[in-house]
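Here the structure comes first, spelled out in structure tokens, and everything after it is commentary.
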Amino acid sequence: MSSEATRVSAGSELAFRGSRVQGATMGEGGGTLLSVRSVTKTFDGISAVQDVSVEVGHGELVGLVGPNGAGKTTLFDCISGRLRPDRGHVFYEGSRIDHWPVHRRARAGIARTFQRMELFEELTVREHLLVADRAHRGGVLGALVHRGQQRPAERQRVDAMVELFGLTEVADTLVSALPLGTCRLVELARAMTCEPKLLLADEPSSGLGERDRDHITAVLRDAQSHWGMAMLLVEHDLAMVSQVVDRIVVMHLGRVIASGDYQTVMADPEVRRAYLGHAA
Amino acid sequence: MNTFLGYAIPGIPFGCTYAIVAIGLVLTYQTTGVFNFGFGAQAFASAFVYTVLVGRGIGTGISFVIAVLVLAPMLGVALDRLLFRHIASSNTVAKIVSSVGVLVAIPELLSLIFGNQTRFAPPQLFLNQASVYFHLGSTPINGLELETVIMSVAIVGIVIAILHSRGIGLEMRAAVESRRMLELHGVPANRVVGFAWVLSSTMAGLAGVLLAPQYPTLQANDFAILLVAAIAAAAVGSLRSVPLALAGGILLGVIGGLGAGYFPPSSIWHTGLLPGIPFLLLAVLLVAAPRLRNLETSNDPLASSDPPPPPPITVTRAPELDRLIKGGGRVLAVVAVVSVLTWVPANWVFVLTTGLVFSVVFLSITLITGMGGQLSLCQASFAGVGAFTAGQLALHFGMPVLLGIVVGTVVAGIIGAVAALPALRLRGLPLALLTLAFALLADNVAFPASWIGGPLTGLNVPRPQVGSLSFATESTRAFFVLALVVLILCALVVRFVQRGTIGSYLAAMRGSPAGAAAIGVNLNSTKVLVFSLSACLAGLGGGLYASLQQTVTPADFNYEFSLVFVVVVVTTGVRTIEGAIQAGLGFVVVQQLLSYLPGRFGAGGLAIVLFAFGALTYASHPEGVVEYQKRQWTQRAERILLRRAPRGTPPAMSIAGGAVPTIHHSLQPSARDRVESG
């Protein structure tokens, strides 16, 4: 089992390495892609996110860390559209997107993965990617009159994706029969099929063992260098964060308490207090 | 003020009975996750047995003990042991359908056992209904009112005391969070849950016996209204709070009393609005109260350890066998059609034609429940819209009935789309309840209006006439062909939707709405579209049904049919087109065959009981019992014919390679979610 898995994981990294898609330049050129300005969200009087501002540049990798209950997932929900902020605004590519529904944001290039996975249990891995490929391109009425047969271009894109993520062997397996690590890869592949400019990754290593975690870290890094999208990464595993991101933002009890490059922020006494309970 | 009290106070006893059932609903829903529609029928069962026993000269005390303290809890234990315990981890649809099966089966079963003659003047309990005990202000309080209020207050006090006790009460409150977690802590959750069933079933029985003397005759229908009023009352407390459910019940009772007093008896308010108040309240609460909307958000940290449903057998069977079955099916279909057109007697042609028309209606359930994953309990109402539109257009404008049916289909589709709008944010149980409220509103408010449902004697709908071909004179065979063609077209439409891109969106939404939205699927438009299409199919079937029967009344599209339809289709197999067609034909053929039985068994109730029992098998076969049998036979055939292992089983874990599986899917990090979100 383990040797086979190693082979698969090595294969998938190789598939990424050294290649860079055309059009991956969407990340280049700098400038702000996402701007969260003074967002506040309260539940039953408890503010989960309070006056939070975060900026992510094109192609930039930002880690969002903080102890449990810091409001990271709530902030993700405000950005992806699952929740509407009570106060403050979200800007994406210069447009205010507060009132956009989730699917519109997804089509505009904001993709996400979920901490508690949201896979389609009756579909195979390949079908996951196919439905993602279609959904972010066409509307519901178009889908109604479409017979559902794969177009060659679709097949090509999906096959390429399956191969890049090392999912070839399980491509026609139902996701409900797959182990957790593979499911996390499928979710990531599904998100990337939507050709995002911004990937919101919510604890991609949650629940994984060490080897799986290393693998998904490598895949994330490779995917980013392959497509060049910006990424906001929520993760408890600081080792993983330090390997992937350019800078980090630390949240605690709904507020941003520090941001900057990894080493500097982690040396900050307030951050250490929030994480470890003492400044030492 | 005295007038006000005079109207309000008589409403309170009604309100108390609503509240008792409402609290029972809250108790079982909270401890088991089962929203038991069956309580309406359980209340009826106790009232029925009490009436029968008293009628046979047994004293009220003994009858009360037998009906309320023995029968009711036994029924609760039986339902828990035989049914609900096994579906604790099933999906919402399975739970709702099973309890709807109970609601449908019990009254029919009782009339099979005891006969279905009308039972007048259900007996009162201990205090005399005719004597006034005292006056509240100037309002006389009779014995029935007095004892209803006393018993209600007592039982609510008992329930609250139990819930706050340190032993069983604490365990029941823990079972609310997660039954499985409770078990992990060494508490026998089944015992806790069983106790909740005993308690709530006894309450339902008590409510039934208390309510029965308020009506001149004993009818199951009155208890369905009790059920819905209780649901509305429970909704006031967001299906969580016992005191609020009590308040909600009494409020509804008082509103009913005031309405009955102030609205002139013949006004539209009295006949139209008053009966609809519980349903309106329920609908408003479902749409407006955020806590009710979020009922479906599972709090159980261990919820993700449930296996997903297996794929339909038609998808997984071996290709050789698939060809064999499909070929055989086609040959059989052709033989059947040729037989109907040549030698089958006219009454059977009529039966089979009705079956085809039902199949069209049932396809609407395949679409919305099987493919959309949403339970709608108002499909018969949409069928009614189609039927009445076609009938009224023919009556008032002389429109050809085929055109009228098409218009009816469109009207039903539009109403379906409009009805979907308030339902957009709902799924699962809240959606089922909202659609039930729609169905009851249609029954009580819309269809009785003569410009919709026609005169009391029924609305005449002609048979079609195309050129010189009359579907009326050529016996029913011509209509059979018409129905067959329509059914085939509808089946093709549903198959197109199923296999098309929209079908994959629906599969995605069934799996995870959040995930589907995150890849760009517009959940709202997809939902409106599916609702609307499904309403179209129901409306089309309803129009055809009206034209086939030639006379329809609102009773033909009563909410009970919506329930029975769902039960029948789910029993047969809700996820496949052939399931809907088998359900349609099976429903009428079984009824027709049973009608040859002597006496009360031939009255049609037995067929409903059979199908309802079929729905109860959902406990062990969530795919539908017919679908389950098909799987068994297919696998047997594959073993014998092809001499190899059946393919219907899910692939073994070991072939799932990928990224070093160390943790199985079932142990999702949801426990950590809880920490994170809490």
Side-chain angles (χ1 to χ4, degrees), chain A residues 1-2 4-6 8-9 68-69 73 80 82 101-103 106-107 111-112 114-123 127 130-132 134-136 138-140 143-144 146-148 166-167 169-170 173-174 176-183 185 190-191 194 206-209 211-212 215-216, chain B residues 304 307-309 311 373 496-529 533 650-678:
Chain A
M1 188 74 199
S2 79
E4 182 200 30
T6 315
V8 172
S9 73
N68 285 327
T73 297
S80 70
R82 276 182 106 185
V102 180
H103 64 91
R107 288 189 197 169
R112 77 171 287 183
F114 296 84
Q115 182 187 21
R116 183 179 181 160
M117 278 185 300
E118 298 282 357
L119 289 174
F120 314 134
E121 60 185 19
E122 295 168 41
L123 300 188
E127 286 165 343
L130 185 65
V131 69
R134 283 181 184 165
H136 92 278
V140 167
L144 181 66
H146 183 241
R147 277 183 66 194
L167 294 165
E169 286 180 35
V170 293
T173 311
L174 291 178
S176 47
L178 292 178
L180 181 71
T182 318
C183 286
L185 272 184
R190 184 182 71 186
C194 297
S206 174
L208 298 188
R211 196 200 291 255
D212 279 353
H215 179 59
I216 206 140
Chain B
S304 53
F496 187 85
V497 170
Q498 191 172 31
R499 296 193 177 171
T501 301
I502 197 83
S504 60
Y505 287 4
L506 290 174
M509 281 168 66
R510 281 199 302 274
S512 158
I519 57 170
V521 175
N522 186 340
L523 302 184
N524 288 353
S525 9
T526 310
K527 213 166 181 179
V528 170
L529 194 73
L533 258 182
M653 289 300 300
S654 57
I655 64 157
V660 196
T662 47
I663 301 173
H664 181 254
H665 177 61
S666 67
L667 292 178
Q668 283 193 12
S670 31
R672 274 174 79 174
D673 284 357
R674 298 272 302 157
V675 178
E676 170 80 10
S677 58

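The chains referred to below are lettered A, B, ... by the order of the sequence lines, with proteins before strands, and numbering in each begins at 1.
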Could you tell me which non-hydrogen atom of A:Arg134 sits nearest to which non-hydrogen atom of B:Thr501, and how far apart they are? NH1-OG1, 3.3 Å

Tell me which of these, B:Gly503, B:Pro513, B:Ala514, has more heavy-atom pairs under 4.5 Å with chain A than the rest. B:Ala514

Considering all heavy atoms of both residues, which atom of B:Ala518 and which atom of A:Ala106 are nearest to each other, and what is their separation? O-CB, 3.3 Å

Kindly write out the residues that satisfy side-chain contact (heavy atoms from CB on, under 4.5 Å) with B:Ile502, not counting sequence neighbours, or none if the list is empty. A:Val140, A:Ala143, A:Leu144, B:Val497, B:Tyr505, B:Thr526, B:Leu529

Distance col, row A:Glu118:CD vs B:Ile519:CD1, nearest 0.5 angstrom, shows 12.0 Å

Residue, of B:Ser525, B:Gly515, B:Ser504, that accumulates the most heavy atom pairs under 4.5 Å with chain A: B:Gly515

